Every structure is written in C-alpha cells, then in structure tokens.
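Quick caveat, the model's predicted, so the values are computed rather than measured. Counting starts at 1 for both ligands and their atoms, following the listed order.
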Amino acid sequence: MSNSGHPKDQGDRRGLMLVISSPSGAGKTTLARKLMEEFDDIALSISVTTRPPRPGETDGVDYHFKTEDEFRGMIRRREFLEWARVFDHLYGTPRADTVAMLEAGKDVLFDVDWQGADALHDQMPRDVVSVFVLPPSIESLKSRLAARPGSTDEIVERRMRDAKAEMRHWRRYDYAIVNDDLDVAYQRLKRILLVERLKRLRQLSLEDHVRELMGEA
Ligand code: ADP
Ligand code: 5GP
C-alpha cells in the first residue's frame, strides 16, 4: 500500500483484529484471501481444528489439524484466545503471536464463527473490528456450498440448517456486507479496513506529533 508520503503517515500504528464471520459458504474465506493478497501487513490467524482436512487444504496453511487429545492439551495449557465446538468439531484461535503482531503494527485477520467473534471481542475489545458477510440469497448460498471441493448432499443440507443459526447473530457485528458481486463486496471490506486503521487510538505516532505541534516535545 502506498500512502501520501507524509512522514507522520508512516509512524507507529497499533494493528487491529479484523474478525470476519458468515454462514459457511457465504464467502468469508474468499474475501479474507483477497485482502491477504493485496496487503502484506495483514496476517491470518491460523485456527486449530479437530476436523479432518478437506481436499486441497494444507496443514499449517488453512488450519493446524490436530487430534481431539492434542486439542484438549492446548486448552489445558491455556494456549487459546478462544475455542468452540462448531458442527461436530473443535476449533480454536491460538493466543501466541497475536499480541506481538498487533504491537508490531500488523493487522490480524480472524475467520471465526459468531461464538469466536464474541469471545475475541471480550478478550480484546479495543482491537477487534468485526464484519459479518451475508449471502445475496439462500439459493446462492446453497449452490456455493455445493460447488466447494469435498462437498456432499449431507454436508450441504446440514450447513444450510446451521446457516440460519449463524445469521441470527449478525447484529452483534460492527459491519455487514452482502457478498453478491465479489469485487463490490471486496471493495467494501477494504474500505472498512482502511478507515479503521485511521482510528485515533491506533495512530500511536500522533501522540508525539501533537506534542511537537504544541511545543511540548
Ligand atoms: P466461507 O469461507 O464463508 O465458507 P468460501 O469463501 O469458501 O465461503 O466460499 C464458498 C464458495 O463460494 C467458494 O467456492 C467461492 O469461490 C464461492 N464464492 C465466494 N464469493 C462468491 C461470490 N461473490 N460470487 C460467487 N461465488 C462466490
Ligand atoms: P470450516 O470447517 O467450514 O472451515 O469452518 C466451520 C466453522 O468454524 C466456520 O463457521 C468457521 O468460521 C468456524 N471457525 C473456524 N476457526 C475457528 C476458531 O478458531 N474459533 C471458532 N470459534 N470458530 C472457528
């Protein structure tokens, strides 16, 4: 990303936690990937899960795939910022690195369900910016789910039922985006990121700048 070139624009900033949720299949992973491609100062928080990998998924890239025993050990050692049972499996957000990333001025992206979004907000209320992605229609949600690699009729039916349970929580989020045209939805997500970065409390270098302006430096 370029900026205006003013030295104060390049000063310290505190990273933010961009939390994206949606009913499964609405497109949050696709949107998150596009953001990661465009911005090199955003890192994805890679969740830990006990569900088996889908075709094309890689351990350590899409998720850290663990057994239930390993997952329970991580809970005991307090290695999660949050964890939850979603569908038949356990999912959790590792605590390590997130705070360090924020302090280094990097944003951290979270692809979690509403329970995860709530828990992350409870833990880090000033850092979390939450976005709920909605499908344009129930039919398109169903066809997107069916088109996904590894999908079966049973999985689609189940996830369609669970979609309503997830969408019920959309009002808890700071922002909502309807993912109809992907490019339009992506531009909206990007605008949210850029404006949230300008929040006064995230622009750490402005403290010094204002002191200087006031002759107090
Ligand atoms: P989620 O992470 O919310 O479960 P994905 O990002 O995996 O959803 O998207 C589900 C499927 O829908 C994928 O095959 C993806 O390529 C497709 N998809 C995502 N956004 C759009 C869109 N705006 N229009 C059409 N297809 C889309
Ligand atoms: P999937 O199995 O389709 O990748 O994800 C299923 C659901 O689990 C999605 O709604 C996803 O957002 C959620 N999920 C993924 N990682 C986490 C996590 O670390 N914590 C919580 N609470 N939910 C997660």
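With a 4.0 Å heavy-atom cut-off, ligand 2 is reached by the backbone of Asp111 and by its side chain too. With a 4.0 Å cut-off on non-hydrogen atoms, Ala147 does not touch ligand 1 at all. At a heavy-atom cutoff of 4.0 Å, ligand 2 is contacted by the side chain of Arg159 but not by its backbone. Residue Val133 does not touch ligand 1, judged by heavy-atom distances below 4.0 Å. Counting heavy atoms closer than 4.0 Å to ligand 2, residue Tyr63 contributes side-chain atoms (C-beta onward) but none from N, CA, C or O. Counting heavy atoms under 4.0 Å from ligand 2, residue Arg51 touches it through the side chain alone. With a 4.0 Å cut-off on non-hydrogen atoms, Phe87 touches ligand 2 through its side chain and not its backbone. Contact annotation for His64 and ligand 2: no heavy atom of the residue comes within less than 4.0 Å of the ligand.
Looking at atom 23 (N) of ligand 2, its nearest protein heavy atom turns out to be Asp113 OD1, 3.3 Å. Of all protein heavy atoms, the one closest to atom 7 (O) of ligand 1 is Arg148 NH1, 3.4 Å. The protein heavy atom nearest to atom 20 (N) of ligand 2 is Glu82 OE2, 2.6 Å. Among protein heavy atoms, the minimum distance from atom 10 (C) of ligand 1 is reached at Gly25 O, 3.6 Å. Scanning the protein for heavy atoms near atom 7 (C) of ligand 2, the closest one is Val86 CG1, 3.6 Å. Atom 2 (O) of ligand 1 has as its closest protein heavy atom Thr29 OG1, 2.3 Å. Closest protein heavy atom to atom 20 (N) of ligand 1: Asn179 ND2, 3.0 Å. Distance from atom 14 (N) of ligand 2 to its nearest protein heavy atom, with residue and atom name: Tyr91 CD2, 3.7 Å. In this structure, atom 26 (N) of ligand 1 lies nearest to the protein heavy atom Arg144 NE, 3.5 Å. Shortest contact from atom 19 (C) of ligand 1 to any protein heavy atom: Thr30 OG1, 3.6 Å. Atom 8 (O) of ligand 1 has as its closest protein heavy atom Gly27 N, 3.2 Å.
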*Determine, stepwise, if the pair Arg51 / Tyr91 fulfils side chain to side chain contact (heavy atoms under 4.5 Å, CB included).*
CA-CA 8 Å; Arg51 89 151 157 73; Tyr91 293 82; 3.4 Å; yes
*asked:* Determine whether Glu154 and Arg158 satisfy the following criterion, salt bridge (Lys or Arg N to Asp or Glu O under 4.0 Å), listing intermediate values before the conclusion.
replied: CA-CA 6 Å; Glu154 199 192 327; Arg158 174 98 187 253; over 6 Å; no
*Please assess Val19 against Met124 for the test side chain to side chain contact (heavy atoms under 4.5 Å, CB included), listing each intermediate value before the final yes or no.*
CA-CA 11 Å; Val19 178; Met124 322 275 270; over 6 Å; no
*For Asp174 and Ser130, what are the C-alpha separation, side-chain angles and deciding distance, and is it a side chain to side chain contact (heavy atoms under 4.5 Å, CB included)?*
CA-CA 5 Å; Asp174 298 320; Ser130 60; 3.4 Å; yes
_Evaluate Asp181 against Arg188 for salt bridge (Lys or Arg N to Asp or Glu O under 4.0 Å), listing each step before the verdict._
CA-CA 11 Å; Asp181 180 289; Arg188 289 184 178 165; over 6 Å; no
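Listed by atom number, the atoms of ligand 1 under 4.0 Å from Ala26 heavy atoms are 3 (O), 8 (O). Applying the 4.0 Å criterion to heavy atoms of Gly116 picks out, from ligand 2, the atoms 22 (N). Of all atoms in ligand 2, numbered sequentially from 1 with element shown, those under 4.0 Å from a heavy atom of Ser47 are 16 (N), 17 (C), 18 (C), 19 (O). Residue contact check: Asp180 has heavy atoms under 4.0 Å from atoms 22 (C), 23 (N), 24 (N) of ligand 1. The Ala84 neighbourhood of ligand 2 comprises atoms 22 (N), with distances under 4.0 Å to a heavy atom of that residue. Remark: ligand 1 atoms within the under-4.0 Å shell around heavy atoms of Leu182 are 20 (N), 23 (N). Residue-ligand proximity, Ser22 to ligand 1, at heavy-atom distances under 4.0 Å covers atoms 3 (O). Heavy-atom proximity to Ser24, at under 4.0 Å, picks out these atoms of ligand 1: 4 (O).
Side chain of Arg54 to main chain of Pro149: no donor-acceptor pair is present (N/O by atom type, distance under 3.5 Å, no hydrogens or angles). Counting only distance, with no hydrogens or angles, the side chain of Thr50 and the backbone of Thr67 share no donor-acceptor pair below 3.5 Å. A donor-acceptor distance shorter than 3.5 angstrom exists from the side chain of Arg85 to the backbone of Asp88, with no hydrogens or angles considered.
Residue Ala185 places every heavy atom at 4.0 Å or more from ligand 1. In this structure, Pro23 has a heavy atom closer than 4.0 Å to ligand 1. Residue contact check for ligand 1: Leu31 places no non-hydrogen atom closer than 4.0 Å to it. The shortest separation from a heavy atom of Gly92 to ligand 2 is under 4.0 Å, placing the residue in contact.
Side-chain atoms of Leu35 and Tyr186, non-hydrogen and from C-beta on, do get closer than 4.5 Å to each other. In this structure the side chain of Asp111 never reaches within 4.5 angstrom of the side chain of Ser47, judged on heavy atoms. In this structure the side chain of Val48 reaches within 4.5 angstrom of the side chain of Phe80, judged on heavy atoms. Between Lys142 and Glu157 the shortest side-chain heavy-atom distance falls below 4.5 Å. Under the 4.5 Å side-chain criterion, counting only non-hydrogen atoms from C-beta, Met167 is in contact with Pro135. Within the 4.5 Å cutoff, no side-chain heavy atoms of Thr93 are placed close to those of Gln123. Looking at Trp83 and Met74, their side chains never come closer than 4.5 Å, going by heavy atoms from C-beta outward. With contacts defined as side-chain heavy-atom distances shorter than 4.5 Å, the pair Lys190/Phe39 qualifies.
Not a single N or O atom of Arg148, backbone or side chain, sits closer than 3.5 Å to an N or O atom of ligand 2.
Residue Lys28 holds the heavy atom nearest to atom 9 (C) of ligand 2 of all those in Gln115, Lys28, Glu57, Glu166.
Residues Arg159 and Ser151 bring no donor and acceptor atom of their side chains to less than 3.5 Å of each other.
Annotation: Arg33, atom CZ; neighbour count of heavy atoms from other residues, nucleotides and ligands within 6.0 Å does not exceed 12.
One hydrophobic cluster holds both Leu193 and Leu182 under the rule that ILVMFWY side chains link at heavy-atom gaps under 4.5 Å.
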